[in-house]
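I have placed the structure first, in the form of structure tokens, so that the comments after it can refer back to it.
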Amino acid sequence: MQAEQKTGEKDELGRDQLEKMAQQLQDFMGEMNRSLQFQVDEESGRDVIKVVDKNSGELIKQYPSEEVLSLVAKLSETAGFLIDQTA
């Protein structure tokens, strides 16, 4: 039971550390007139990070790119189609 509590504490500590790092990144980006947006792509389910200009709202960079997200979605569709064909 102690091992489970320690694991839970490590998970919680990890979340706290991630939130702190995300806030530090936001603060740093704010100094450069940029903002970070964290989203989940609906089609692929992958995490997406966008760097946006605060004044214009212009997308500066996105990780992964739209092309990669589109490719992942197409590969998922193809894999599902192949599984349906073999079943």
Side-chain angles (χ1 to χ4, degrees):
M1 183 162 183
Q2 287 179 342
E4 289 177 18
Q5 288 176 340
K6 287 181 182 178
T7 302
E9 289 172 10
K10 286 182 183 177
D11 290 344
E12 191 63 39
L13 182 62
R15 284 188 211 125
D16 289 343
Q17 287 176 336
L18 285 174
E19 287 177 11
K20 185 177 180 180
M21 287 175 36
Q23 185 59 50
Q24 288 173 343
L25 277 171
Q26 277 287 28
D27 294 344
F28 175 74
M29 295 300 284
E31 293 172 8
M32 298 185 335
N33 202 31
R34 305 282 191 258
S35 69
L36 288 176
Q37 297 176 356
F38 299 91
Q39 302 172 331
V40 176
D41 181 63
E42 291 181 18
E43 290 184 30
S44 67
R46 294 187 59 150
D47 294 328
V48 178
I49 302 171
K50 294 181 179 184
V51 179
V52 178
D53 184 285
K54 278 187 171 181
N55 291 330
S56 68
E58 177 186 356
L59 177 65
I60 297 168
K61 191 70 175 172
Q62 175 178 315
Y63 303 98
S65 67
E66 286 290 335
E67 293 82 14
V68 170
L69 292 172
S70 177
L71 179 61
V72 168
K74 288 177 183 176
L75 288 173
S76 294
E77 281 180 27
T78 303
F81 177 75
L82 290 173
I83 291 171
D84 287 343
Q85 292 293 323
T86 59

In chain order, what residues pass the side chain to side chain donor-acceptor pair (under 3.5 Å) check against Glu19, with sequence neighbours excluded?
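Residues passing side chain to side chain donor-acceptor pair (under 3.5 Å) with Glu19: none at all.
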
Pairing residues for Glu58 by the side chain to side chain donor-acceptor pair (under 3.5 Å) criterion, not counting sequence neighbours:
none

[X]: side-chain contact (heavy atoms from CB on, under 4.5 Å) partners, not counting sequence neighbours:
{"X": "Tyr63", "value": "Lys61"}
{"X": "Glu42", "value": "none"}
{"X": "Lys50", "value": "Gln37, Gln39, Val48, Val52, Leu59, Gln62"}

In the hydrophobic cluster built from side-chain contacts under 4.5 Å, what are the other members alongside Val40?
none

Could you grab the distance from atom CD of Glu66 to atom CG of Asp41, nearest 0.5 Å is fine?
7.0 Å

Could you check Leu69, Leu75, Val68 and say which one makes a side chain to side chain contact (heavy atoms under 4.5 Å, CB included) with Leu71?
Leu75

